Novice: 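This is the structure I have questions about; it appears just below.
For reference, positions follow the sequence shown, starting with 1. Keep in mind it's a predicted model, so treat the numbers as computed, not measured.
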Amino acid sequence: MKHAFQAIIFLGLAFTLQAQANPDSESKQSINWASEKDIGKHIEFRLEKEHGEVTYGPNFASSDTDLSDHFSEIYLTRLIDHKGADHYALYITAQYNDTDWRSYENAANKQGNKLPVVTLSKNENVCESTSCRYEERLAIPLSFLYFFDGATMGLDVTLSGSRTNQINIPIAYFKAMMNSIPQESLYDEL
């Protein structure tokens, strides 16, 4: 039930964040993905009337050409809603040329634990001869424990549908996000 609640909150939030985020400007910036300090410089905070306080990390899709060939956006978010509850999610926008949808429906971490996947939108763009340009926007709600564990182990996610892709978010990314949490909020979670 908690994941369903998080997913509903993030559904509305996703379009707001993705509309405001500019992945093109991030890809032009050089980020040292092994440095939590450098990643921390690119974390953004926004106060949104409808959702509350939103923190989101830089676009990880630009960290690796294997990722950027399939994904235009990969970033972590933290939302503190108007009641003070924290919600965490991994947002992914898959953009690819193919003959059909990849229909990413399943996600699992390295330990084999299934993670919920919420499809936010699907868009088909230009089709040329045998292939089309597809876009799938996804959210993977994360519990605080998965988010916290990411700061010690990172997060390896296997995303699958008609194709399987691996996304490995490093420890430094999670540490940078954890460092952005005000101390009183961190102690409230524990």
Side-chain angles (χ1 to χ4, degrees), residues 1-21 23 26 33 39 43-44 46 51-52 54-64 66-81 85-96 101-123 134-178 180-181 189:
M1 184 66 173
K2 184 177 180 182
H3 288 297
F5 177 69
Q6 286 178 333
I8 291 168
I9 287 176
F10 283 118
L11 286 174
L13 175 64
F15 293 108
T16 304
L17 286 177
Q18 290 174 345
Q20 293 173 353
E26 292 233 6
W33 296 102
I39 294 167
I43 292 174
E44 293 189 34
R46 292 208 174 108
H51 306 293
V54 181
T55 304
Y56 65 97
N59 184 0
F60 188 68
S62 62
S63 70
D64 182 339
D66 287 340
L67 286 177
S68 61
D69 285 347
H70 303 284
F71 304 103
S72 62
E73 295 178 314
I74 300 171
Y75 56 95
L76 289 170
T77 62
R78 175 177 180 256
L79 165 71
I80 302 174
D81 65 24
D86 285 12
H87 307 276
Y88 306 90
L90 176 63
Y91 281 101
I92 301 167
T93 302
Q95 287 188 336
Y96 50 88
W101 292 101
R102 294 186 181 163
S103 297
Y104 293 112
E105 296 174 350
N106 300 300
N109 66 6
K110 189 165 136 179
Q111 294 75 23
N113 299 319
K114 290 187 178 190
L115 301 171
V117 177
V118 178
T119 301
L120 303 171
S121 68
K122 285 180 146 184
N123 298 306
Y134 295 94
E135 177 185 84
E136 296 180 53
R137 290 183 177 208
L138 312 166
I140 300 175
L142 300 171
S143 69
F144 176 73
L145 291 177
Y146 277 120
F147 196 80
F148 187 77
D149 283 350
T152 58
M153 301 184 312
L155 180 65
D156 297 338
V157 175
T158 300
L159 193 60
S160 58
S162 65
R163 181 184 175 122
T164 300
N165 290 92
Q166 191 78 26
I167 300 171
N168 301 313
I169 301 176
I171 293 169
Y173 194 117
F174 281 93
K175 283 186 175 181
M177 290 293 286
M178 292 293 290
S180 73
I181 298 173
E189 289 290 329

Novice: What do the steps show when you test S180 against Y56 for side-chain contact (heavy atoms from CB on, under 4.5 Å), and what is the final call?
Specialist: CA-CA 10 Å; S180 73; Y56 65 97; over 6 Å; no
Novice: Using the benzene-type ring in the case of Trp, are the ring centres of Y75 and F60 under 6.0 Å apart?
Specialist: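 No, the ring of Y75 stays outside the 6.0 Å limit from the ring of F60, centre to centre.
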Novice: Go through the steps to decide whether V117 and E105 satisfy the test side-chain contact (heavy atoms from CB on, under 4.5 Å), and finish with yes or no.
Specialist: CA-CA 6 Å; V117 177; E105 296 174 350; 6.0 Å; no
Novice: A85 and H87: which non-hydrogen atoms are nearest, and at how many Å?
Specialist: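 Residues A85 and H87, closest heavy atoms: O-CD2, 3.6 Å.
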Novice: Between E136 and S103 (side chain of the first, backbone of the second, donor and acceptor by atom type, cut-off under 3.5 Å), is there such a pair?
Specialist: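 Yes: the side chain of E136 pairs with the backbone of S103.
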Novice: Please report the closest heavy-atom contact between L67 and A61, naming both atoms and the distance.
Specialist: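 That would be CB-O, 3.8 Å.
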Novice: Got a second to check how far Q95's CD is from N123's CG, nearest 0.5 Å?
Specialist: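 With rounding to 0.5 Å, CD (Q95) is 9.0 Å from CG (N123).
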Novice: Within a strict 4.5 Å, meaning less than it, do heavy atoms of the L115 and L90 side chains meet?
Specialist: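 L115 vs L90: side chains apart.
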Novice: Supply the atom-to-atom distance W33 CH2 to N168 CG, rounded to the nearest 0.5 angstrom.
Specialist: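 That separation rounds to 13.5 Å.
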Novice: Rounded to the nearest 0.5 Å, how far apart are OG1 of T119 and CG of L138?
Specialist: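 Output value for this atom pair is 5.0 Å.
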Novice: Please report the shortest heavy-atom distance between A107 and I140, naming the atom on each side.
Specialist: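 It is CB-CD1, 3.9 Å.
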Novice: Please answer whether the main-chain N or O of N109 pairs with a side-chain N or O of Y146 as donor and acceptor at a distance below 3.5 Å.
Specialist: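 Looks like no, no N/O pair under 3.5 Å.
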Novice: Set out, in order, the CA-CA distance, both residues' side-chain angles and the distance that settles side-chain contact (heavy atoms from CB on, under 4.5 Å) for M178 and F147, then state yes or no.
Specialist: CA-CA 8 Å; M178 292 293 290; F147 196 80; 3.6 Å; yes
Novice: Rounded to the nearest 0.5 Å, what's the gap from CD on E135 to CZ on F71? Could you check?
Specialist: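 The distance works out to 12.5 Å.
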Novice: List the steps and the verdict of side-chain contact (heavy atoms from CB on, under 4.5 Å) for L120 and Y91.
Specialist: CA-CA 10 Å; L120 303 171; Y91 281 101; 3.7 Å; yes
Novice: Which pair of heavy atoms, one from N165 and one from Y104, lies closest together, and at what distance?
Specialist: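 Looks like OD1-OH, 2.5 Å.
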Novice: Taking atom CD of Q166 and atom OG of S160, what is their separation to the nearest 0.5 Å?
Specialist: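 Reported to 0.5 Å precision, the distance equals 10.0 Å.
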Novice: Whether the N113 and Q111 side chains hold a donor-acceptor pair (N or O, under 3.5 Å, no angle test) is what I'd like checked.
Specialist: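 N113 vs Q111: no donor-acceptor pair found between side chains.
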Novice: Could you tell me whether K110 atom NZ has more than 12 heavy atoms of other residues or ligands within 6.0 Å of it?
Specialist: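 No, NZ of K110 has 12 or fewer neighbouring heavy atoms, counting only those of other groups under 6.0 Å.
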Novice: Please answer whether the main-chain N or O of W101 pairs with a side-chain N or O of S162 as donor and acceptor at a distance below 3.5 Å.
Specialist: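 Pair found, side chain donor or acceptor close to backbone of W101.
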Novice: Does NZ or CZ of R102 come closer than 6.0 Å to the centre of the six-membered ring of Y96, within 45° of the ring's axis?
Specialist: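 Flagged: R102 positioned over aromatic ring of Y96.
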Novice: So which atom in I74 and which in Y173 form the shortest heavy-atom distance, rounded to 0.1 Å?
Specialist: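 Scanning both residues, the minimum pair turns out to be O-OH, 4.5 Å.
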Novice: Please round to the nearest 0.5 Å and tell me the distance separating atom CD1 of I167 and atom OG of S63.
Specialist: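 With rounding to 0.5 Å, CD1 (I167) is 10.0 Å from OG (S63).
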Novice: Between A151 and F174, what is the shortest heavy-atom contact and its length?
Specialist: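 In terms of heavy atoms, the two residues are closest at N-CB, 3.4 Å.
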